[in-house]
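As the structure is a computational prediction, the values presented were derived from the model and not from experiment. Starting from 1, each residue takes its place in the sequence as its number.
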Amino acid sequence: MTIETLDVGARAILTANDRGGYTVPNGRVYPFQWNWDSAFVALGFDTWDRDRAWKEVETLFNAQWDDGFLPHIVFWQDDPGYFPGPSVWATGKTPVTSGITQPPVAATVVRKLWDSAIAADADDAYRLRLESLFDKLIAWHRWFRDYRDPDGRGVVVAMHPWETGRDNSPEWDIPGEPIDISNVGEYVRRDTGHLDAKMRPTKLEYDRYLALVQYGVAQGWDHAKITAGNPFKVADIGMSMILLRANRDLLHLADYLGRDEEAAEIRAMIATAEAGIDWLWDEEKHSWCSRDLLTGRSSGFITSASFLSFYAGLADPAKDAAMLAHLHRIGSKVEYLMPSLDPEDPGFQMIRYWRGPVWAVVNYMIGTGLAEAGFDAEAARVRHDTLALMERNGFYEAYSPVDGSGSGGDDFSWTAAIWLAWR
Ligand code: GLC
């Protein structure tokens, strides 16, 4: 397929999944607005429709709560094709939303949109929109500081595996054991009605997801209460790196807008993260790893999120060298980087969701970080592999790192968007 054909195909997917101001990740499996999906989708729209790109992010932030929290799903309209739907979340908000968040990539995306507006001499027309988004972005970042970092370590503590965006990563297995699933009750999953169960999380994982949702409902979605008593609290390496990066981009915007007070506040958040993030370095594995806040134990899993240290701008020569050694080792075991789990891990499964498959959005962040850090050959490999997967197999949710076959839903919005933004 030629680049032009792929461009046309990718734009057609975004257009078909556009519900008017927001885009669904996939019409059948994910029929609502998802938080970090929309941010990446905006990068795709920005390659041909700037106004629509900004609108995607603005629509998402229209669902922000008063305390700055930005939900992981916005149920702009109901759809029976997904479980758990709005009535299960019962957050009582308008619009109806879920009660957990997702990786904060939005500030980095907004900075990209802004840079692209400047390059096209369109910044005057977007300045007010930037001002308004800036206020919402900083409110969300403050929310992370106030509710998702109880020990003030400068990390992000996920209260639900879905918050990490890497739903069934093995990092959540042991920390998930204390979750009481005895009262979850009967329910019918919809995901396995659309897709092969082999590609999806297990029943035990789903029981835990639902038990945590029920816990949030019982707390009236009061985030202070959840932070205090949640049975699952994991400092996620992915979200921690992503928020650090997002704060650097937000600082850039604050300086640009002359927001001195906010800039000082963001600098403080960056300093806390830079001082505290080493807590997530696993000396035994020589890798960045998620860590259970309740037990203090490192997960010991090397996942694709471990490689986001470059994207976070953590220039530490010894740790960088260790991560590059892992990248080369993993790269010699699989055809396509970056598998979501180390292929030498006994739990590696090439098509099961976040236990093996390659995700284009994660690769985009890894590749961007490597390029910025000057690791050109590694950056080129990650980008090349990502684009090759799409050229050979179309725009799937994820792909097998072994043979490149598509995994999960097809015609996937954020995959198409990454093609447009990164090719
Ligand atoms: C799955 C993914 C998550 C994504 C969502 C919608 O839950 O794990 O990262 O945001 O699907 O695509």
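- Few gaps surround NZ on Lys319; more than 12 heavy atoms of other groups in view lie less than 6.0 Å from it.
- Asp207 and Tyr187 share a donor-acceptor pair across their side chains, judged by distance under 3.5 Å alone.
- With a 4.5 Å cut-off on side-chain heavy atoms, Arg355 and Phe348 do not count as touching.
- Between Glu378 atom CD and Arg381 atom CZ the span is 10.0 Å, to the nearest 0.5 Å.
- A donor-acceptor contact closer than 3.5 angstrom is absent between the side chains of Asp18 and Thr23.
- Ion pairing between a basic and an acidic side chain is recognised when a charged N comes within 4.0 Å of a carboxylate O; Asp292 and Arg297 show no such pairing.
- Shown are Phe40, Trp36, Tyr353, Tyr336; of these, the ring pair (Phe, Tyr, Trp, His ring centres under 6.0 Å) with Trp359 is made only by Tyr353.
- Across Ile237, Leu337, Val362, Ile366, a single residue satisfies side-chain contact (heavy atoms from CB on, under 4.5 Å) together with Phe307, and that is Ile366.
- Proximity of a side-chain donor or acceptor of Ser413 to a complementary backbone N or O of Val24 within less than 3.5 Å is detected.
- Taking all atoms of both residues into account, the shortest heavy-atom contact from Pro103 to Ile242 is CB-CD1, 3.8 Å.
- A donor-acceptor pair under 3.5 Å links the side-chain atoms of Arg383 to the main chain of Trp422, judged by distance alone.
- Side-chain contact between Met241 and Leu314: present, with at least one pair of heavy atoms (C-beta onward) separated by less than 4.5 Å.
- Residues Asp115 and Arg111 are paired through a salt bridge, judged by an N-O separation under 4.0 Å between the basic side chain and the carboxylate.
- Ile277 approaches Trp288 most closely through the heavy-atom pair O-CZ3, 3.3 Å.
- A heavy-atom distance below 4.5 Å is found between the side chains of His141 and Leu243.
- A side-chain donor from one of Trp419 and Asp7 sits under 3.5 Å from a side-chain acceptor of the other.
- In terms of heavy-atom proximity, Pro175 sits nearest to Val234 at CB-CG2, 3.5 Å.
- Within the 4.5 Å cutoff, the side chain of Glu163 has no heavy atoms near those of the Gln102 side chain.
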Determine, step by step, whether Tyr215 and Trp221 satisfy the ring pair (Phe, Tyr, Trp, His ring centres under 6.0 Å) criterion, reporting the C-alpha distance in whole Å, the side-chain angles of both residues, the deciding distance to 0.1 Å, and the verdict. CA-CA 9 Å; Tyr215 180 84; Trp221 292 110; 8.9 Å; no
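- In this structure the side chain of Leu195 never reaches within 4.5 angstrom of the side chain of Asp191, judged on heavy atoms.
- When the shell of 6.0 Å around NE2 of His384 is examined, it contains 12 or fewer heavy atoms from other residues, nucleotides or ligands.
- Within 6.0 Å of the CD atom in Glu177, the count of heavy atoms belonging to other residues, nucleotides or ligands exceeds 12.
- Interatomic distance, CG of Asp173 versus CG of Leu204, reported as 8.0 Å (0.5 Å rounding).
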Could you check Thr59 against Val74 for side chain to side chain contact (heavy atoms under 4.5 Å, CB included), going step by step and ending with a plain yes or no? CA-CA 10 Å; Thr59 305; Val74 190; over 6 Å; no
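- Side-chain contact between Leu293 and Pro150 is present, with at least one heavy-atom pair separated by less than 4.5 Å.
- A donor-acceptor contact closer than 3.5 angstrom is absent between the side chains of Ser340 and Arg166.
- Classified by interplanar angle (parallel below 30°, tilted 30° to 60°, perpendicular above 60°), the ring pair Tyr147/Trp143 is tilted.
- In this structure, Trp414 and Phe412 have tilted ring planes: the angle between them lies in the 30° to 60° band.
- Ring geometry for Trp162 versus His160: interplanar angle under 30°, hence parallel rather than tilted (30 to 60°).
- Between Phe32 and Phe75, the ring-plane angle classifies as perpendicular under the 30° and 60° cut-offs.
- Relative orientation of the Trp54 and Tyr126 rings is tilted, given thresholds of 30° and 60° on the angle between their planes.
- Within the 4.5 Å cutoff, no side-chain heavy atoms of Arg200 are placed close to those of Asp196.
- The closest side-chain heavy-atom distance from Arg148 to Asp236 is not below 4.5 Å.
- The CG atom of Asp282 lies 7.0 Å from the OG atom of Ser287; values are rounded to the nearest 0.5 Å.
- Under the 3.5 Å distance criterion, the side-chain polar atoms of Asn26 are left unmatched by any main-chain donor or acceptor of Gly409.
- In this model, no donor atom of one side chain and acceptor atom of the other lie less than 3.5 Å apart for Tyr82 and Arg28.
- Between Pro161 and Trp172 the shortest heavy-atom distance is CB-CD1, 3.6 Å.
- Aromatic ring orientation, His223 versus Phe69: tilted (interplanar angle from 30° to 60°).
- Donor-acceptor pairing under 3.5 Å is lacking for the side chains of Glu171 and Ser299.
- For the pair Asp255 and Arg267, the salt-bridge criterion is met [side-chain N within less than 4.0 Å of a carboxylate O].
- For the pair Arg19 and Trp76, the cation does not sit on the ring face, since its NZ or CZ is not both under 6.0 Å from the ring centre and inside 45° of the axis.
- Annotation: cation-pi geometry not satisfied between Arg189 and Phe83 (NZ/CZ under 6.0 angstrom from ring centroid, within 45° of ring axis).
- Side-chain contact of Gln64 with Trp140: a donor-acceptor pair under 3.5 Å is absent, judged by distance alone.
- Checking His72 against Thr101 by side-chain atom types alone, no donor-acceptor pair falls below 3.5 Å.
- In this structure a side-chain-to-backbone donor-acceptor pair under 3.5 Å is present from Thr415 to Tyr396.
- Counting all heavy atoms, side chain and backbone alike, Arg291 lies closest to Ser298 at NH1-N, 3.6 Å.
- Under the 3.5 Å distance criterion, with hydrogens and angles disregarded, a donor-acceptor pair is assigned to the side chains of His326 and Arg329.
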Under the criterion side chain to side chain contact (heavy atoms under 4.5 Å, CB included), I'd like the reasoning laid out for Met323 against Phe375: C-alpha separation, chi angles, the key distance, then a yes or no. CA-CA 12 Å; Met323 293 317 299; Phe375 299 115; over 6 Å; no
Applying side chain to side chain contact (heavy atoms under 4.5 Å, CB included), run through Thr227 and Val157 and close with a yes or a no. CA-CA 9 Å; Thr227 308; Val157 177; over 6 Å; no
Run the side chain to side chain contact (heavy atoms under 4.5 Å, CB included) check on Ile73 and Gln33 step by step: do they pass? CA-CA 6 Å; Ile73 304 177; Gln33 183 172 30; over 6 Å; no
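- For Arg208 and Phe232, the positive end is not near the middle of the six-membered ring at less than 6.0 Å and at most 45° from its axis.
- Taking OG1 from Thr192 and NZ from Lys198, the interatomic distance works out to 12.5 Å, rounded to the nearest 0.5 Å.
- Here the closest non-hydrogen pair linking Gly165 and Trp354 is O-CZ2, 3.0 Å.
- Looking at Thr108 and Asp249, their side chains do bring a donor and an acceptor atom within 3.5 Å of each other.
- Taken from CD1 in Ile100 to OG1 in Thr91, the straight-line distance is 11.5 Å, to the nearest 0.5 Å.
- Expressed to the nearest 0.5 Å, how far OG1 of Thr164 lies from CG of Asp167 amounts to 6.5 Å.
- Checked by atom type, the side-chain pair Tyr311/Glu372 shows no donor-acceptor distance below 3.5 Å.
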